[in-house]
Number of protein chains: 2
Amino acid sequence: VENPYIVVVTKESYLNSINVLHHIKNDGIFILNTNKTIDEIKESLPNNIKKDIVDKNLKFYIVDANAIALNNNIKNKISLIMESVIMKLSDLLDYKLYETKINDYLEEKFSNKSHSIIESNINAIKNIKVEEVIIIDYIANENKYLKTFVEMVNSKKGDKLKVSDFLDKKDGIYEAGTSAQEKRMISDNVPKYLKNNCIECNQCSFVCPHGVIRPYMLSEDEYNKAPDYVQEKCKKSIDPKLKDRYFTIGISIKDCTGCGLCVKACPGKQNEKALVFSSLLNELDENSDKAFDYLSKNIKPKGDINLNTIKGSQFKEPKFAFSGACAGCGETPYIKLLTQLFGDSMIVANATGCSSIYGGSVPSTPYTIPWASSLFEDNAEFGYGILIGNNVIRNRVKNIMLNSSVNDQNKELFDKWINNMNDYIITKEVYDNLDYYDLPIELVELKDYIPFRMVFTIGGDGWAYDIGYGGIDHVLSSNENVNILVLDTQVYSNTGGQTSKSTPLGSIAAFSAKGKSQNKKNLAKMALAYPQVYVAQVSLGYNGTHLIKAFNEAAKYDGPSIIIAYAPCIEHGIEGGMENSIYMEKLATESGFFPTFRYNPETKVFNLDSKNVNFDLYEEFLNKQNRYKMLSKVNKEHAEELIKLNKENAIATFEYYKKLSEEI
Amino acid sequence: VENPYIVVVTKESYLNSINVLHHIKNDGIFILNTNKTIDEIKESLPNNIKKDIVDKNLKFYIVDANAIALNNNIKNKISLIMESVIMKLSDLLDYKLYETKINDYLEEKFSNKSHSIIESNINAIKNIKVEEVIIIDYIANENKYLKTFVEMVNSKKGDKLKVSDFLDKKDGIYEAGTSAQEKRMISDNVPKYLKNNCIECNQCSFVCPHGVIRPYMLSEDEYNKAPDYVQEKCKKSIDPKLKDRYFTIGISIKDCTGCGLCVKACPGKQNEKALVFSSLLNELDENSDKAFDYLSKNIKPKGDINLNTIKGSQFKEPKFAFSGACAGCGETPYIKLLTQLFGDSMIVANATGCSSIYGGSVPSTPYTIPWASSLFEDNAEFGYGILIGNNVIRNRVKNIMLNSSVNDQNKELFDKWINNMNDYIITKEVYDNLDYYDLPIELVELKDYIPFRMVFTIGGDGWAYDIGYGGIDHVLSSNENVNILVLDTQVYSNTGGQTSKSTPLGSIAAFSAKGKSQNKKNLAKMALAYPQVYVAQVSLGYNGTHLIKAFNEAAKYDGPSIIIAYAPCIEHGIEGGMENSIYMEKLATESGFFPTFRYNPETKVFNLDSKNVNFDLYEEFLNKQNRYKMLSKVNKEHAEELIKLNKENAIATFEYYKKLSEEI
């Protein structure tokens with residue numbers, strides 16, 4: 001059907017992303033299943049839908065099929081109801097005839113079920129209430145970027161974009177943070193905050209892969225100024241060190257993917273948790289958006305909170321949020337934390353892979369800091385190039401400062417800058433306070449380079465262990481201040497789970513259907529072959545404090561760094577699903593499967609974080625994942641042999657790290 | 001000058017490689033400096049030169065300028081003599097006038113030198129003897145391959161080749177061993193064998209980079225059958241275990257580059273060496289070629305000699321000889337030895353770099369075994385692909401054998417083959433003895449795959465440490481039987497000495513004019529991160545026996561292997577030149593700069609060959625090379641700082657290897 005006469009939409013959220021009426025015939029019929037009233041729907045209907053209704057002279061009807069189903073004891077079974085609505089509104093069949101025929105049909109269909117089902121369906125059909133909505137106008141002009149790119153592409157009409165639409169995008173720069181405008185509402189269930197159970201640990205926020213759930217600590221003044229719908233979500237902080245503060249959790253429920261990690265992470269016992277699941281429809285009201293918006297725009301972290309802790313870091317705004325990553329993604333909490341720690345003082349060079357897809361599928365991006373992606377095979381070099389280019393330009397800035405006559409205020413700021421070139425806070429302060437009217441024009445042109453920014457080169461194991469490893473090695477061999485973050489899912493996650501060199505022995509993956517027969521590559525050990533490289537292995541679910549230390553040390557160290565982060569993935573087939581990803585990070589390290597450590601070339605100390613591991617947990621860890629279990633089912637003996645070798649290697653590797661940690 | 005009237009050639013050997021008369025005008029003059037007589041020159045003049053003389057009706061004159069110079073005490077100073085010859089033969093100036101003017105010119109030119117120089121020059125000019133040579137015919141047709149490719153390309157006329165000339169080269173396969181036909185005669189001085197001083201150690205052959213000098217052990221019968229010109233070079237062997245044998249050294253003097261390594265390596269004291277330098281012209285006679293040809297064609301190593309020793313290996317024919325590598329090249333002795341040990345049972349996949357240039361500049365190749373080169377960035381994968389392809393086809397061979405009805409002789413050979421698929425000697429024996437008329441046609445078509453061949457992937461540090469390292473790592477991560485040989489010159493030798501990741505800290509190289517400030521990459525340590533990889537570092541000049549063990553173990557081990565070979569290079573600027581390259585290999589290891597070891601995953605033993613190194617020699621080793629010395633001259637303080645760090649790293653690295661060798 002290319003040009004339908006009738007369009008039926010059963011889920012209202014589709015209207016935001018797809019132009020459902022694009023191909024409908026003039027004078028056609030548009031039927032929408034919604035729990036909204038006529039007035040509400042008139043207000044919330046997307047502008048492009050309104051435009052089509054008006055332009056094409058459509059008849060527009062709404063029906064609350066879910067309510068009808070619920071009232072007639074056939075919860076969520078709406079297909080027959082919607083079919084009947086079509087019959088009622090069209091002249092395909094005489095509706096009376098349809099009503100008699102449907103009885104026979106149901107008798108036949110449900111012959112082996114109880115008669116009450118038939119009755120419920122018949123009653124539902126009888127109680128159908130359809131209302132016509134009259135739409136007479138729409139807004140002629142809207143935000144050009146959103147209209148031209150975000151909505152066009154998201155509604156699968158990207159191929160209609162003209163070359164001329166891209167005229168002001170010639171430099172390849174796109175608007176940042178546009179993911180926040182998508183409001184995809186993909187989960188029926190979202191967390192609900194029960195403030196009285198909350199102990200303010202911020203674990204929920206720490207583990208959230210999408211930056212949807214965030215803690216806020218309000219001063220008394222901020223609390224008093226806040227609107228009612230914010231105040232009612234707040235409670236007096238229980239932190240004894242912070243007097244007269246108010247605490248709350250903001251949740252952007254329209255961006256939630258429903259992974260459940262926050263509810264799992266909440267340390268309260270059953271029935272005493274501060275977070276419980278609730279249906280999106282129940283939670284959605286006009287204030288749900290407003291409260292989150294108010295909090296995220298107005299409440300900033302206070303100086304008396306240590307922001308370099310699990311708890312403290314969560315008061316900082318993530319500069320990476322609402323990405324399109326899978327629910328429960330093991331990678332994104334690392335990136336989110338990184339942006340919370342370093343914020344505007346960082347630039348990301350991103351390799352091909354999951355992280356480039358959820359990081360920047362044009363036209364949307366979850367980042368609000370400078371971010372660019374490059375190829376699988378050259379991202380390390382790409383980040384390195386950004387750094388070197390930055391250094392060259394900043395040295396030019398320095399030379400201009402050294403050779404310019406400026407007023408005293410600027411002179412003082414120049415001195416400050418020259419002595420603290422690589423300190424973000426000071427250079428940002430200089431940037432904010434310079435008297436730009438007094439500056440030489442070349443310096444004004446280069447002003448974006450005044451604040452220091454460090455480069456983080458990010459990607460998965462497909463990049464870092466395989467296709468881009470040549471470049472990683474090249475960059476590590478330098479003495480330059482490049483930081484590398486490897487999100488180690490141990491498999492090519494984005495393309496369907498192909499074997500990488502990080503895939504462990506005996507694990508099943510695409511191209512390793514019989515269990516991978518090669519040893520896992522030890523990237524950390526190889527990086528340690530360079531005496532000047534900072535090397536860490538981290539696991540967020542095992543020890544978040546260790547992770548924060550590693551990020552800070554790598555950022556501070558004036559040389560190359562590489563951090564390898566254990567990141568569970570849907571491809572692992574975790575028992576119980578991705579709501580256990582954080583728990584699996586914990587078990588991975590506890591069992592000795594993924595030792596965590598930091599080696600700092602400045603101190604020459606190899607700090608083994610996971611000192612006491614329990615290899616008795618090893619099989620338990622493996623058996624909680626389909627990637628290992630599947631092989632046992634097919635070939636038990638072979639699986640056992642590979643797993644034995646896998647564990648032997650793990651023990652030898654751990655012993656190697658232990659020895660390093662015992663050296664002076 | 002595009003079409004000269006006069007062409008003057010001062011060195012006769014140019015005639016073999018360049019068509020010097022290609023652009024000369026008809027009826028022009030060709031003058032050649034040679035010590036040959038008119039009859040000799042008529043015989044030896046290359047056919048293409050004769051052709052041009054006849055076709056273009058040239059006047060051809062010879063003069064022995066070197067003899068004139070020598071007789072007048074101005075040895076080797078021939079430019080004025082040749083200039084005078086031109087004046088004599090042309091009508092550019094009145095020759096009498098020229099003679100008077102030249103006197104004034106010399107007075108002015110040598111005003112600050114002794115008057116005897118002027119006199120010597122004047123006398124030389126007076127004694128010039130020029131003879132005309134009449135050439136009347138040439139050979140119309142010669143060997144097509146040599147004519148079409150080798151001579152055309154070598155005489156810089158490759159651009160004249162037509163597409164149709166390549167019709168039978170569509171498959172990219174070229175004749176093997178064609179370097180042997182070039183006879184380039186590039187050195188004026190070559191070794192001369194003094195048989196009575198010889199102790200039959202074969203060191204001369206072991207170190208020869210070009211396979212020019214080779215030992216032969218003849219049985220009594222072989223000796224008796226040999227022609228006089230061979231017999232006279234032989235002597236009774238002094239080896240007490242080998243009764244009634246005759247020993248000699250064959251030297252292909254026309255292929256010698258005059259590096260002097262053989263003379264250096266000869267263990268006799270001054271005046272007692274079995275090899276001394278002599279002039280090429282003195283050594284050249286009709287038997288010099290014949291003796292080498294006879295020996296190399298007829299004398300094979302005997303079964304009672306252990307061929308896996310320094311001495312024994314040299315009785316085997318190198319399958320890589322007369323390459324275009326530099327005189328004294330540090331790389332080629334390794335490749336030559338490899339082909340002596342494994343001969344026809346190996347295939348070479350060669351990376352871009354020196355070794356691909358001297359290994360296969362079309363149309364000449366020094367190899368007489370299967371050899372192919374690939375790109376800088378993919379040679380490891382290229383070799384891996386050859387291996388995998390080979391394995392697949394050989395498994396097909398196996399399946400054909402298992403499913404064919406053949407006669408009893410073939411049946412027996414099939415069984416033998418199937419049980420010894422990866423044994424070259426047995427599979428070659430099967431190949432030689434099969435009754436091909438009885439075989440299924442598919443097997444006949446695949447017969448080249450019956451003998452086992454191992455794959456050696458060869459290249460320099462630019463490949464293995466840098467551009468091709470991603471592929472090296474990928475191949476090492478496999479469990480396949482790929483062998484990698486890295487010829488580590490620690491610099492991009494072929495392109496002019498650019499820094500590679502193997503270049504040591506503080507060494508000067510292109511792109512590291514101020515001394516390399518990054519640490520040398522430890523490729524061996526990185527390879528050791530894979531538990532299943534055979535890893536060795538070797539230094540031919542330090543311990544050839546260790547090197548032979550490493551080659552044999554790597555070849556035998558059924559998994560990936562990597563051997564890193566220290567290879568001095570002209571880019572090092574070695575004190576005294578490349579005749580000291582073998583000595584520098586010795587000192588590199590003795591001083592701790594390049595530790596040698598073997599790690600065998602089968603035994604899990606790390607065998608440190610260079611157990612007792614003397615770091616007091618470290619500075620001596622560095623100071624014998626311009627790559628270090630130069631920096632001291634420019635910036636002594638900076639040089640000392642880098643060298644200090646370099647040595648500290650070397651000591652730490654050696655300690656690391658020592659620890660590995662002490663583990664159980």
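Reminder, nothing fancy here: chain letters follow the sequence lines and each chain counts from 1.
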Legend entry - Residue pair B:L631, B:I643: steps toward the side-chain contact (heavy atoms from CB on, under 4.5 Å) verdict: CA-CA 10 Å; B:L631 189 59; B:I643 294 305; over 6 Å; no
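- Contact check for A:E619 versus A:K647: side-chain heavy atoms found under the 4.5 Å cut-off.
- Ranked by heavy-atom pairs under 4.5 Å with chain B, the first of A:D466, A:N519, A:N522 is A:N519.
- Residues of residues 474-490 of chain A lying under 4.5 angstrom from chain B, judged on non-hydrogen atoms, are A:H474, A:S477, A:S478, A:N479 by number.
- Counting heavy atoms from C-beta outward, B:V535 and B:F597 have side chains that approach closer than 4.5 Å.
- The only option from B:T457, B:V455, B:V392 that meets the side chain to side chain contact (heavy atoms under 4.5 Å, CB included) definition with B:L387 turns out to be B:V455.
- For the residue pair B:K520/B:T503, the side-chain donor-acceptor check at 3.5 Å is not satisfied.
- If you measure heavy-atom distances from B:S517 to chain A, the contacts under 4.5 Å come from both the backbone and the side chain.
- There is no contact between A:K516 and chain B, counting heavy-atom distances below 4.5 Å.
- At a 4.5 Å heavy-atom cutoff, the contact between B:K501 and chain A is made by side-chain atoms alone.
- Within residues 525-533 of chain A, the residues that have a heavy atom under 4.5 Å from a heavy atom of chain B are A:K525, A:M526, A:L528, A:A529, A:Y530, A:P531, A:Q532, listed by number.
- You'll find the side chain of A:E377 stays beyond 4.5 Å of the side chain of B:E377, heavy atoms only.
- Ring geometry, B:F654 versus B:F615: the interplanar angle exceeds 60°, so the pair is classed perpendicular (tilted spans 30 to 60°).
- In this structure the side chain of B:V634 never reaches within 4.5 angstrom of the side chain of B:I508, judged on heavy atoms.
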Legend entry - Pair B:N395-B:K398, side-chain contact (heavy atoms from CB on, under 4.5 Å): steps then yes or no: CA-CA 5 Å; B:N395 274 323; B:K398 184 179 170 184; 4.2 Å; yes
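- Ring pair B:Y566/B:F593 is perpendicular by interplanar angle, where above 60° counts as perpendicular and below 30° as parallel.
- Taking the six-membered ring where the residue is Trp, A:Y534 and A:Y557 present tilted rings, their angle falling between 30° and 60°.
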